[in-house]
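The first residue of the sequence shown is numbered 1, and numbering continues consecutively from there.
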Amino acid sequence: MSSSAAGTSSKPRAASSQPSETSSKRKRGVFQKELQHMMYGFGDDPNPLPESVALMEDIVVEYVTELVHKAQDIGSQRGKLSVEDFLYLIRKDLPKLNRCTELLSMNEELKQARKVFESDEEKLRKVFEVDEAVEG
């Protein structure tokens with residue numbers, strides 16, 4: 001029996017004009033504004049057709065959903081889902097991988113900056129409390 005007759009194949013499905021089963025269950029238009037801005041940034045009209053935005057949203061949500069399901073399959077072997085599971089899945093798409101690693105490193109830098117800011121803020125608060133206690 002061939003793999004295509006056995007049920008699911010590893011080949012991606014061809015896009016159809018019919019909404020997928022998962023897209024009909026979810027709330028539509030959640031990413032409308034963001035997608036409009038992204039479409040404009042990539043050369044589309046400032047106000048793209050609502051049908052175009054809806055189609056892009058369906059494509060993006062389906063892609064992300066499939067990626068998450070694949071990552072869950074990989075993570076379930078270890079018992080947990082991690083960022084590395086996603087990086088593993090996009091390892092062959094170098095621009096995407098580079099962008100993800102860049103965003104992850106920027107996220108770490110922001111976490112460190114927040115931590116330093118919060119500790120400095122706490123130190124200042126203690127200094128002001130001591131000053132108020134001395135003056136009062």
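Within the model, atoms CG of L49 and CG of L55 stand 11.0 Å from one another, a figure rounded to the nearest 0.5 Å. With rounding to the nearest 0.5 angstrom, the CE atom of M56 is 10.5 Å from the CG atom of D58. One finds the CD atom of E62 at 8.5 Å from the CD1 atom of I59 (value rounded to the nearest 0.5 Å).
Among residues two or more places apart in sequence or in another chain, the salt bridge (Lys or Arg N to Asp or Glu O under 4.0 Å) test is passed with D93 by K96. By the side chain to side chain donor-acceptor pair (under 3.5 Å) test, R91 is found to be paired with no residue, residues two or more places apart in sequence or in another chain being considered. For Y88, there are no side chain to side chain donor-acceptor pair (under 3.5 Å) partners, not counting sequence neighbours. Looking at residues two or more places apart in sequence or on another chain, you find a side chain to side chain contact (heavy atoms under 4.5 Å, CB included) between K111 and N107, E108, R114. Applying the side chain to side chain donor-acceptor pair (under 3.5 Å) criterion to Q32, with sequence neighbours excluded, gives no partner residue. In this structure, the side chain to side chain contact (heavy atoms under 4.5 Å, CB included) partners of Q72, at least two apart in sequence or on a different chain, are V68, H69, L81. Taking the salt bridge (Lys or Arg N to Asp or Glu O under 4.0 Å) definition, one finds that E118 meets it with nothing, sequence neighbours left out. Residues that satisfy the side chain to side chain contact (heavy atoms under 4.5 Å, CB included) test with Q77, not counting sequence neighbours, are absent from this structure. By the side chain to side chain contact (heavy atoms under 4.5 Å, CB included) test, E122 is found to be paired with R125, K126, residues two or more places apart in sequence or in another chain being considered.
Residues L67 and I90 come closest through the heavy atom pair CD1-CG2, 4.4 Å.
Sorted pairs that involve residues 36-56 and meet side-chain hydrogen bond (donor to acceptor under 3.5 Å, both in side chains), not counting sequence neighbours, are lacking altogether. For residues 72-90, the pairs satisfying salt bridge (charged side-chain N to carboxylate O under 4.0 Å, His left out) are R78-D85, with sequence neighbours left out.
No path of Ile, Leu, Val, Met, Phe, Trp and Tyr side chains, each step under 4.5 Å between heavy atoms, connects V60 with F42, placing them in separate hydrophobic clusters. V83 and L94 fall within a single hydrophobic cluster, where Ile, Leu, Val, Met, Phe, Trp and Tyr are joined by side-chain heavy atoms under 4.5 Å apart, directly or via other members. The cluster map of Ile, Leu, Val, Met, Phe, Trp and Tyr, joined by side-chain heavy atoms under 4.5 Å apart, puts V64 and L89 in the same cluster.
A heavy-atom distance below 4.5 Å is found between the side chains of V61 and F31.
Using modelled atom types, one side-chain atom of E57 and one backbone atom of V30 make a donor-acceptor pair closer than 3.5 Å.
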